[in-house]
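All of these numbers come straight from a predicted model, not from anything done at the bench.
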Amino acid sequence: MLENPGWLFVGATLLPLVSFLLLLIGGRHWGRAAGWIATAAIGAAFVLSLIGATLYLPYSGWFAHHHHGHHHSAGHEKHEQHAGPAQKAGHEHDHEHVTLAQREPGVPPWQGGLIWAKVSTGEPGQATGLRLGFYVDGLTVAMFVMITLVATLIHIFSTGYMAEELQDEVHDHQAHVVRAGRYPRFFTYMSLFCFSMLNLVLADNLFQIFISWELVGICSYLLIGYYYERRSASNAANKAFITNRVGDAGFIIGAAILWTYCGTLTLPDTVREQRNAKGEVVRVVEPGLFSRLRMPATDSHGTPLPAQLDEYIGNFARVEPISERSSGDAATRYRFSSSGPYVLLFTADHFHGEDLVLDDGISASTSPSATGLSVMPYWALVLAGIGVFLGCVGKSAQFPLHVWLPDAMEGPTPVSALIHAATMVAAGVYLVGRAFPMFTSEVLLVIAYVGAITLFVAATIALVQTDIKKVLAYSTVSQLGFMMLALGVGGWIAGLFHLLTHAFFKALLFLGSGSVIHGCHHEQDMMKMGGLYDKMKITALTMLVGVLAIAGAPLFSGWYSKDAIMVSALSFVVHYPQHMLLFLLPLITVAMTAFYMFRLWYLTFTGEPRDEHVYEHAHESPAVMTVPLIVLAFFSVTVAWGWPPWDAHASALEHYLDHEMPIYLHPDPDNRQVDKFLAPVRKYAEQPEAFPNVQLPEPHALAGLLALLSAGIGFLLATTVYYWGYLDPEGTRQQFASVYDFLWEKWHFDELYRWIAVRPALVLARVCRWFDLNVIDGLVDGSARATVRVSQWDGKFDLGIIDGLVNLTADVIYAVGAWLRNVQTGFLRNYVLFLALAAVGIFALVSYILALVG
Amino acid sequence: MSVGDILFWIVGLMTALCAVMVVVTQHIVRCAIWLLFTLAGTAGLFFLLGLDFLGATQLFVYVGGTLVLVIFGVMLTATGPFLQLRAGAGEWAIAIIVGLLLYGLIALSWLFADWSKLPESALPDDPRQMYHTEQLGRALLGDTSVQPASELAGVPGSLGAADKASGKLQEPPKRQASAFLLPFEIVSVHLLVVLIGAAYLARAKRKRVVVAPRESL
Amino acid sequence: MNNVGLTQYLLIGAVLFVSGVVCMAIKRNAIGVLMGVELVLNGATVNFAAFARFHDAFRVEGQIFALFTIVLAAAEAAIALAIVLNFYNNYLTVDVDSAEELRG
């Protein structure tokens, strides 16, 4: 077992499963002990992960190199040692700079697994199957430590928070029922969730990820509906589950496309020990998805590929068929073309570099094969990427599937903290990061834009929410958008870095809100709080730490990761100025984030108590709840620290992730496998001095300064309004009544979906019913009545449709006119504002068009 | 930092601050006073730039003329409630946001502008070397020996522009008659029209229909 | 900000300009709006003057346009005040929000 410390992580994954099974069998009789069993299991998993992590650090070579500090200086030698996950296992025998030089040769990578369902394609030597495997790299390790640590703390917190469920009779004031306590059930679900989540992170193939994906989904469903007597809770659980189905359909389609064309769902290369004909044990490297999709730098014999293929190396090898050759040969022949409709897949064990540049093209089949090269259509690859990303959109509550997450706050607060803030909703971001090499540039743009829209929309909604948990929920959606955006613009490190820091401070914020809600006897409306600082100092102070972290105050963990995201976005925008929005939206949103978080804190803890009843009965929570808060607050500050702490780009965690970045993102001069779409972006982010044409300050300084300025404005505005009380929020609300209503109604997404999804389904059902009643029965009743009906319907058609169309035209024109009438307010001062806004708008539009053209 | 730079920062920041105070102050008479300081500060900036005639004009016309006019306006209409008309909090918020956006736009366009496309400036470092009233007047009349050619000049044609092929300067014509004379005339006529119009508008009318009788208030 | 040059003057000009726009947008007193217009014009004048000083190409144009602006501003002030006084005569108020007869 110690030969392959990856088993430690398998053990850590299985511990919660054991706890789940135990609790499932006898949990209902154990009362308080059930909580301790679950807590002990996840705590032990944390210890195992920690041991694994300490073993991993020397293995990854992080110790040897992290003292280089800035990645500018470390950049060059770094990439030689650190290959992307795709390369770790494979090609040990050939070239050095792709394999792990310091991961000593002969030491097997931390992976393992077995094929549990064989699917034979009938070709010799082809054994594709569904794998159950584990794969441990730096990202896995970091995720494990984060998940188990946060989960342990939340379990401890829950033993206090859920204590009232221990009673035989619990009064549910919202559902007006008296029911038995359900303490053990809560921990049963929590254990199942921990197992599923860890398994998701551990899995080495898309199918296993999908299984865990569904398992965490069902846990989320069960826990959102924990108070299922409340109609709102059961509705929210259904909504979460159904909305996620939409995304999962995309996931399945994407996975199916990859399976069809690539013949595998395993992400990294895997090593198998096999007996050859002579009976010797040999190690066979089976290429995973990444190695199949992205062109390697060398052929299977270790010879570097010819220089004329430089454009394709590390990218998707796009080819076009040579039509005139296709008649006689069995297989079509292809030649390289940067806009070819096919992508060459490197499924073969053996191919020669010089074969690829033959004048008469490359021979490749259109179905996956173990013995030769094959091709897949480029559009299918794009579709697969978008499909897999759609799964992530659902799970990570991205626009347009973000509607379920705020409703999911119906679950108990520890669930919101663990599942709907720190871990499960981050799974989408994790998967995008994990599957990063399979995304084409088109998909990356989609990811970036979805992230940008999400972070903006969610932040605007959070501005007006009054339920303390809803504010946090929308802030979670918004922060996940930040991560998606970062990944989409090539900030692989930035996105996952923010995932890790966000997990800590958002869990802290949720637990803090849980402590407030607990102390205020399940009052969640901030408008009824105020002045609670005197009553619950620990909660208030730890929450302030969380607020500062999420707002991006210097020296708090959020500052480092948000800075990294802004740098990535800025670097991207500098190279692709037509996507200017990808930098402007997050910049504005940083200010909004600071505003709504400080609004939350001021409304809850400062000022005069707005509801005497709530204030009178408020009390600080017991130590079992405040200690996890303090621990989380500690990590929310320090988790991203490096040396020196005041350097935003010296974060140790960031440099740790730097070592785990896919090789396609390393813009070093002797790395041939760089992604051509993102390489200049990454290079600019890390070595701006190499771009003398760009007349901008250094991106780290500029992005950091702008983000800090933006956050400062948000903080000042919140302080002016809610602390000093200079501006009256009520007056502002009346001033912008329509905007306020729009935000209060969450951009009317719920209504929209009601109209485009729920209503049509109901209408369809009614149509079917009508069909049954009238057509089927009507046929039996005879044609005479049918004729009457037809003529009746015809009359209705005349009246309804024909007349209706004529009237509709008039009505639409009238409505447009009536609406436009509002623009002419007659107020001079409004006209001035319109003028100024128009100037800004025209300028933005013109510069956008110029950027698009130039 | 030279004395001139320090003076610039003092005068410039004062001017900017006074301009902001004009916006922030609620009382209309105080507003007028802040405006006075702003306009005087602008004149100071002109002097610092070495544009004496412009500065003097600013003082004469603006501070001496326009502002007095404005203050007359204030006094004529300053009755009770109109001294302090307040805008709502929301209006403040939106105006500040739009203002910040506008300022950001201007600052951005300044940041991203490629100044190197402008011709290399051959101006003296010492502001005292700047053109004074005499040259200004001659330039206004179209004396090209004063005004070097540029594409933006009010002088028609490619006066003195470099021959792109040879790189040599073309022989500039000795005198060009029009120059800024036409705009100057247009402005003069405009001013005349405006003065007549203002007098017409502001004249005491014999009201035939009393819209809102003064006595009723 | 080591050496005072074109950009510093442009910044001051921009402050004047934006102050003017905001002033126009929030003053309910018609005279206050007029002051905003003066500020805007002043901002533009500062820009002209700065270009006149710091770029050869605008050496004369900058000054002359600045002069034109000052003159036009004076004319504008005269006519606007006349309008305000007329408005005051007719409505007995200088609140621009009461001038809303053009509302759609």
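- Summarising the geometry, atom CD belonging to C/Gln63 is positioned 9.5 Å from atom CG belonging to B/Leu49; distances are rounded to the nearest 0.5 Å.
- Heavy atoms of B/Thr25 lying under 4.5 Å from chain C belong exclusively to its backbone.
- Counting non-hydrogen atoms of neighbouring residues, nucleotides and ligands closer than 6.0 angstrom, the CZ atom of B/Phe184 reaches no more than 12 such neighbours.
- Scanning all heavy atoms of the two residues, the minimum distance from C/Ala14 to B/Ile106 falls at CB-CG2, 3.7 Å.
- Residues B/Val61 and C/Val71 are not in side-chain contact: their nearest non-hydrogen atoms beyond the backbone lie 4.5 Å or more apart.
- Interface summary for chain C: among B/Ile94, B/Val24, B/Thr66, the most heavy-atom pairs under 4.5 angstrom belong to B/Thr66.
- C/Leu72 touches chain B through its side chain: at least one heavy atom from C-beta onward sits under 4.5 Å away, while N, CA, C and O do not.
- Of the atoms belonging to C/Leu67, heavy atoms from both backbone and side chain fall under 4.5 Å from chain B.
- B/Met14 CE: 12 or fewer foreign heavy atoms inside a 6.0 Å radius.
- The neighbour count for B/Phe37 CZ, taken as heavy atoms of other residues, nucleotides or ligands under 6.0 Å away, does not exceed 12.
- Using a 4.5 Å heavy-atom threshold, the side chains of C/Leu81 and B/Phe72 count as separate.
- Residues C/Cys23 and B/Val23 share a closest heavy-atom pair of CB-CG2, 3.9 Å.
- Atom CG in B/Leu51 sits 12.0 Å away from atom OG1 in C/Thr45 (nearest 0.5 Å).
- Top candidate by heavy-atom pairs under 4.5 Å with chain C, chosen from B/Ala19, B/Ala32, B/Cys18, is B/Ala19.
- Taking 4.5 Å as the limit, some side-chain heavy atom of B/Tyr103 sits within range of a side-chain heavy atom of C/Leu11.
- Atoms CZ and CG, from C/Phe48 and B/Leu54 in turn, are 11.0 Å apart once rounded to the nearest 0.5 Å.
- The most heavy-atom pairs under 4.5 Å with chain C, out of B/Val98, B/Thr57, B/Leu195, come from B/Thr57.
- Interface summary for chain B: among C/Ile79, C/Ile31, C/Asn42, C/Val22, the most heavy-atom pairs under 4.5 angstrom belong to C/Asn42.
- The ring of C/Tyr9 has its center closer than 6.0 angstrom to the ring center of B/Phe8.
- With rounding to the nearest 0.5 Å, the separation of CD1 in B/Ile28 from NZ in C/Lys27 is 6.5 Å.
- Of the listed residues (C/Ala78, C/Ala80, C/Gly43), the one with the most heavy-atom contacts under 4.5 Å to chain B is C/Ala78.
- Of the two parts of C/Val21, only the side chain, counted from C-beta on, holds a non-hydrogen atom closer than 4.5 Å to a non-hydrogen atom of chain B.
- Of the listed residues (C/Gly13, C/Ala49, C/Gly62), the one with the most heavy-atom contacts under 4.5 Å to chain B is C/Ala49.
- For a residue to count as touching a neighbouring chain, one of its non-hydrogen atoms must lie under 4.5 Å from one of that chain's; by this rule B/Thr38 touches chain C with the side chain only.
- Taking CG of C/Leu41 as the reference point, atom OG1 of B/Thr42 lies at 11.5 Å (rounded to 0.5 Å).
- Rounded to the nearest 0.5 Å, atoms CH2 (B/Trp34) and CE (C/Met35) are 13.5 Å apart.
- Proximity to chain C is limited to the side chain of B/Leu35, based on heavy atoms less than 4.5 angstrom apart.
- B/Gly99 approaches C/Val18 most closely through the heavy-atom pair O-CG1, 3.3 Å.
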